[in-house]
Amino acid sequence: MTTPFGEAVRKLRVRKGVSQKQMAAALNVSPAYLSALEHGKRGLPTFDLLQRIAGYFNIIWDEAEELFLLARSSDPRVVIDTAGLPPEYTAFANRLAGQIRSLDATVLAELTALLEKGKKADGKAS
């Protein structure tokens with residue numbers, strides 16, 4: 001199991017040709033923490049750590065911004081706040097939470113497309 005952010009960090013690390021232990025030492029974090037981050041077992045890293053990672057890989061601003069966006073969308077323990085919404089929103093969020101592990105790639109792609117379509121319809125195209 002991994003997250004989009006963890007996969008991106010692993011690819012950057014492999015591209016640079018360094019071990020987790022070497023990278024962890026350079027970032028002043030434990031190798032266990034870095035491993036957990038790469039494997040999606042830790043949530044969103046601090047902004048300070050994100051900046052240190054970007055600096056460590058000497059990546060340009062656009063690539064750093066993409067990495068920061070991946071980090072924000074990679075928390076493996078998502079909380080959906082439906083307080084104040086109609087009951088069907090809460091029911092949907094709970095049903096999704098209960099079935100997320102059994103969704104196949106096709107259904108996931110369809111749901112993602114629906115969310116993107118809704119985002120564009122709201123005038124929030126990315």
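Note that the structure is a prediction, hence the values are computed from the model and not measured.
The CG atom of L37 sits 5.0 Å away from the CZ atom of F5 when rounded to the nearest 0.5 Å. Interatomic distance, CD of Q51 versus CG of L27, reported as 12.5 Å (0.5 Å rounding). Atoms OG1 and NE2, from T3 and H39 in turn, are 10.5 Å apart once rounded to the nearest 0.5 Å. Taking CD1 of I59 as the reference point, atom CZ of R15 lies at 8.0 Å (rounded to 0.5 Å).
L103 pairs by the side chain to side chain contact (heavy atoms under 4.5 Å, CB included) definition with L96, I100, V107, L111, not counting sequence neighbours. Residues satisfying the side chain to side chain contact (heavy atoms under 4.5 Å, CB included) criterion with K21, sequence neighbours excluded, are S19, P31. Residues passing the salt bridge (Lys or Arg N to Asp or Glu O under 4.0 Å) test with E66, sequence neighbours excluded: none. Scored by the salt bridge (Lys or Arg N to Asp or Glu O under 4.0 Å) test, E110 finds no partners at all (sequence neighbours excluded).
Crowding of D104 atom CG: a count of heavy atoms from other residues, nucleotides or ligands under 6.0 Å exceeding 12.
F68 and L44 fall into different hydrophobic clusters, where Ile, Leu, Val, Met, Phe, Trp and Tyr side chains are chained together by heavy-atom contacts under 4.5 Å. Residue L115 is not grouped with residue L108 when hydrophobic side chains (ILVMFWY) are merged at heavy-atom distances under 4.5 angstrom, including chains of intermediate members. Hydrophobic clustering of Ile, Leu, Val, Met, Phe, Trp and Tyr side chains at less than 4.5 Å, counting indirect connections, keeps V29 apart from V14.
Of the possible donor and acceptor atoms, one in the side chain of R13 sits under 3.5 Å from a partner among the backbone N and O of V18. Side-chain N or O atoms of R10 include none that pairs as donor or acceptor with a backbone N or O of E38 at under 3.5 Å.
Taking 4.5 Å as the limit, some side-chain heavy atom of L12 sits within range of a side-chain heavy atom of E63. At least one side-chain heavy atom of P45 sits under 4.5 Å from a side-chain heavy atom of Y33.
For the pair K16 and Y56, the cation sits on the ring face: its NZ or CZ lies under 6.0 Å from the ring centre, inside 45° of the axis.
A salt bridge links R72 to E65: at least one charged side-chain nitrogen sits closer than 4.0 Å to a carboxylate oxygen.
Closest approach of L34 and A24 over heavy atoms only: CD2-N, 3.7 Å. In terms of heavy atoms, G17 sits closest to Q22 at O-OE1, 4.3 Å.
Grouping Ile, Leu, Val, Met, Phe, Trp and Tyr residues whose side-chain heavy atoms lie under 4.5 Å apart, directly or via other members, leaves L69 alone, with no other cluster members.
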If you look only at distance, which donor and acceptor atoms sit under 3.5 Å apart when one is on a side chain in residues 84-95 and the other is two or more places apart or in another chain?
from : atom 1 : to  : atom 2 : distance (Å)
T90  : OG1    : T82 : OG1    : 2.7
N94  : ND2    : T90 : O      : 2.8

